[in-house]
Amino acid sequence: MNRLILTILALGISIGCYARTSPNTKSKYPRAEIKVSYHCHDQHLKTDAKAYVAEYQMILLANPTYSKFYNMQCEYIDSLHSTPSGKAKYRKMLDIAARKAVETGNFDAVPAAPSKIYVFKSSSDSTCTVFDTNGSSGNHFYAEAPVEMRWQINDSTKNILGYDCIIAQTDYHGRHWTVWFTPDIPIHDGPWKLSGLPGLILEASESSGQHIFTADGIEASNIEIRPVYKTKSYERVNRVDALEAQRKYLLNGDRMAMAMIQDTPDGSKIEMSDSGLNESPDTHVDFLETDYKH
């Protein structure tokens with residue numbers, strides 16, 4: 001079965017390269033030649049400064065020169081917010097979900113994205129562009145020249161989804177990563193920002209175990225790699241500054257919100273107990289990148 005997929009992928013890469021140079025191509029955006037689904041294990045902080053574990057899916061659409069890493073639920077919600085009719089549909093969905101939550105105590109139906117990050121990698125102009133959203137600064141993006149990841153490739157191998165994979169390791173933006181890549185799929189890409197190996201990365205984990213990506217589905221694809229919706233709503237930021245601001249928000253967000261609630265129009269304050277808020281923050285839990293710390 002994998003050999004059939006590889007044959008289709010090889011044909012797709014050949015056709016895709018021709019399509020990008022053919023004057024008759026009608027595609028407005030670059031097209032993927034492979035679609036990979038990754039199961040993500042993510043430990044993160046919320047504004048109570050305590051750690052939570054999330055398990056969710058991310059998608060990589062890629063061809064040999066361009067890729068997009070994103071969450072499909074996030075893109076769907078963003079698409080709804082991009083039009084008046086979509087906003088009305090989203091409000092209706094939210095209203096139905098809220099009623100169900102009040103009745104049953106189950107909030108699973110509330111339309112929310114487990115991850116709001118989009119990562120676009122382009123080898124043609126050597127850029128990596130990240131779009132994200134956080135509570136402290138809203139929608140933001142930054143573009144950077146991809147840092148060359150110095151991979152150490154070892155002899156260990158294992159099979160993932162029927163593909164023989166080789167182990168490799170690197171240090172990147174404050175974390176040590178161990179990945180498994182397959183030379184059988186000749187696309188030098190992977191989940192999040194990870195790339196630069198002679199084959200597709202199917203599994204990646206950093207040494208603390210807080211962040212893990214594991215491929216659980218691969219298929220040939222001809223999907224357009226579309227940009228984010230409402231690009232103009234994203235503000236350009238500095239990567240390090242954005243991470244610093246988000247970290248401060250997560251460690252102090254509930255206290256900041258409480259301070260705002262305590263302020264009244266006449267200038268007086270409502271006395272509120274913090275009920276032990278942020279007494280034991282899980283400060284060992286951090287972002288995918290930790291090099292923002294000075």
### With sequence neighbours excluded, residues passing salt bridge (Lys or Arg N to Asp or Glu O under 4.0 Å) with Asp155
none
### Query
Which heavy atom of Gln57 sits nearest a heavy atom of Ser37, and at what distance?
NE2-OG, 2.8 Å
### Message
Under 4.5 Å between side-chain heavy atoms, counting indirect links through other Ile/Leu/Val/Met/Phe/Trp/Tyr residues: same cluster for Ile212 and Leu60 or not?
### Response
no
### ring-ring contact (aromatic ring centres under 6.0 Å, His included) contacts touching residues 43-79 (sequence neighbours left out)
Phe69-Phe213
### Query
Got Leu94 and Pro111 here, is their nearest side-chain heavy-atom distance under 4.5 Å?
yes
### Task
Compute whether any side-chain donor of one residue and acceptor of the other, for Ser233 and Asn139, lie under 3.5 angstrom apart.
yes
#### Entry: Partner set under ring-ring contact (aromatic ring centres under 6.0 Å, His included) for Phe141, not counting sequence neighbours
Phe131
### Task
Mind listing the closest non-hydrogen atom pair of Val228 and Thr231 along with its distance?
O-OG1, 3.2 Å
### Task
Quick one: do Thr214 and Tyr38 satisfy side chain to side chain contact (heavy atoms under 4.5 Å, CB included)? Show the steps, please.
CA-CA 5 Å; Thr214 306; Tyr38 290 91; 5.9 Å; no
### Query
Can a salt bridge be assigned to the pair Glu224 and Arg31 using a cut-off of 4.0 Å between side-chain N and carboxylate O?
yes
### Pairs where residues 110-125 contributes a residue and the test salt bridge (Lys or Arg N to Asp or Glu O under 4.0 Å) is met, not counting sequence neighbours
Lys121-Asp189
### Query
Taking a hydrophobic cluster as the set of Ile, Leu, Val, Met, Phe, Trp and Tyr residues connected by side-chain heavy atoms closer than 4.5 Å, whether directly or through intermediates, do Phe120 and Ile117 fall within one such cluster?
no
### Query
Under 4.5 Å between any side-chain heavy atoms of Gln169 and Trp151, yes or no?
no
### Task
Report the C-alpha separation of Glu55 and His41 in whole Å, then their side-chain angles, then the decisive distance to 0.1 Å, and conclude whether the side chain to side chain donor-acceptor pair (under 3.5 Å) test is met.
CA-CA 5 Å; Glu55 309 278 347; His41 170 91; 2.7 Å; yes
### Query
Do Ser208 and Val285 have side-chain heavy atoms sitting under 4.5 Å apart?
no
### Message
To check you understand the geometry: which heavy-atom pair defines the closest contact between Ala215 and Val36, and what is its length?
### Response
CB-CG1, 4.0 Å
### Query
Is it true that His81 and Tyr90 have ring centroids separated by less than 6.0 Å?
yes
### Task
Mind checking ring-ring contact (aromatic ring centres under 6.0 Å, His included) for Trp177 and listing every partner two or more places apart, or none if nothing turns up?
Trp192
### Task
Please examine the side chains of Lys193 and Val130, heavy atoms only from C-beta on, and report whether any two atoms are closer than 4.5 Å.
yes
### Message
Using the salt bridge (Lys or Arg N to Asp or Glu O under 4.0 Å) criterion, which residues pair with Lys46? Sequence neighbours excluded.
### Response
none
### Task
Would you indicate whether the side-chain heavy atoms of Lys230 and Ser82 approach each other to under 4.5 Å?
yes
### Query
Which pairs pass salt bridge (Lys or Arg N to Asp or Glu O under 4.0 Å) with one or both residues in residues 56-78, sequence neighbours excluded?
Lys68-Glu75
### Task
Go through the structure and list residues passing ring-ring contact (aromatic ring centres under 6.0 Å, His included) with His39, not counting sequence neighbours.
none
### Query
For Asp286, which residues count as a salt bridge (Lys or Arg N to Asp or Glu O under 4.0 Å) partner, sequence neighbours excluded?
Arg247, Lys293
### Interatomic spacing from CD1 in Ile59 to SG in Cys74 - rounded to 0.5 Å
12.5 Å
### Task
Answer yes when Arg239 and Glu144 have at least one side-chain N-carboxylate O distance shorter than 4.0 Å, and no when they do not.
yes
### Query
Among all residues two or more places apart in sequence or in another chain, which pass the side chain to side chain contact (heavy atoms under 4.5 Å, CB included) test with Ser85?
Thr83
### Smallest separation among heavy atoms of Leu61 and Ala32, with atom names
CB-CB, 3.8 Å
### Task
Using the salt bridge (Lys or Arg N to Asp or Glu O under 4.0 Å) rule, collect all pairs that involve residues 84-98, keeping only residues at least two apart or in two chains.
Asp95-Arg99
### Query
If two hydrophobic side chains count as joined below 4.5 Å and joins carry through other members, does Tyr234 share a cluster with Val240?
no
### Task
Check whether any side-chain heavy atom of Lys50 lies under 4.5 Å from a side-chain heavy atom of Leu45, and answer yes or no.
no
### Task
Calculate, to the nearest 0.5 Å, the distance between atoms CG and NE2 belonging to Leu243 and His173 respectively.
9.5 Å
### Message
Please report the interatomic distance CH2(Trp180) to SG(Cys165), rounded to the nearest 0.5 Å.
### Response
8.0 Å
### Message
Between Ile34 and Ile218, is the side chain to side chain contact (heavy atoms under 4.5 Å, CB included) condition met? List the steps.
### Response
CA-CA 7 Å; Ile34 189 170; Ile218 305 173; 3.6 Å; yes
### Message
Under the salt bridge (Lys or Arg N to Asp or Glu O under 4.0 Å) definition, can you give me all pairs with a residue in residues 203-215, not counting sequence neighbours?
### Response
Lys158-Glu203, Arg175-Glu206
### Task
Please name the residue in the list Val179, Thr170, Ile166 that meets the side-chain contact (heavy atoms from CB on, under 4.5 Å) test with Leu197.
Val179
#### Entry: Cluster overlap Tyr229 with Tyr29, hydrophobic side-chain contacts below 4.5 Å
no
### Query
Looking only at heavy atoms, what is the nearest atom pair of Ile187 and Asn63, with distance?
CG2-O, 4.0 Å
### Message
Let me check something: do Met58 and Ile201 share a hydrophobic cluster, defined by ILVMFWY side-chain heavy atoms less than 4.5 Å apart, either directly or through other members?
### Response
yes
### Task
Could you tell me which non-hydrogen atom of Pro64 sits nearest to which non-hydrogen atom of Ser123, and how far apart they are?
O-OG, 3.8 Å
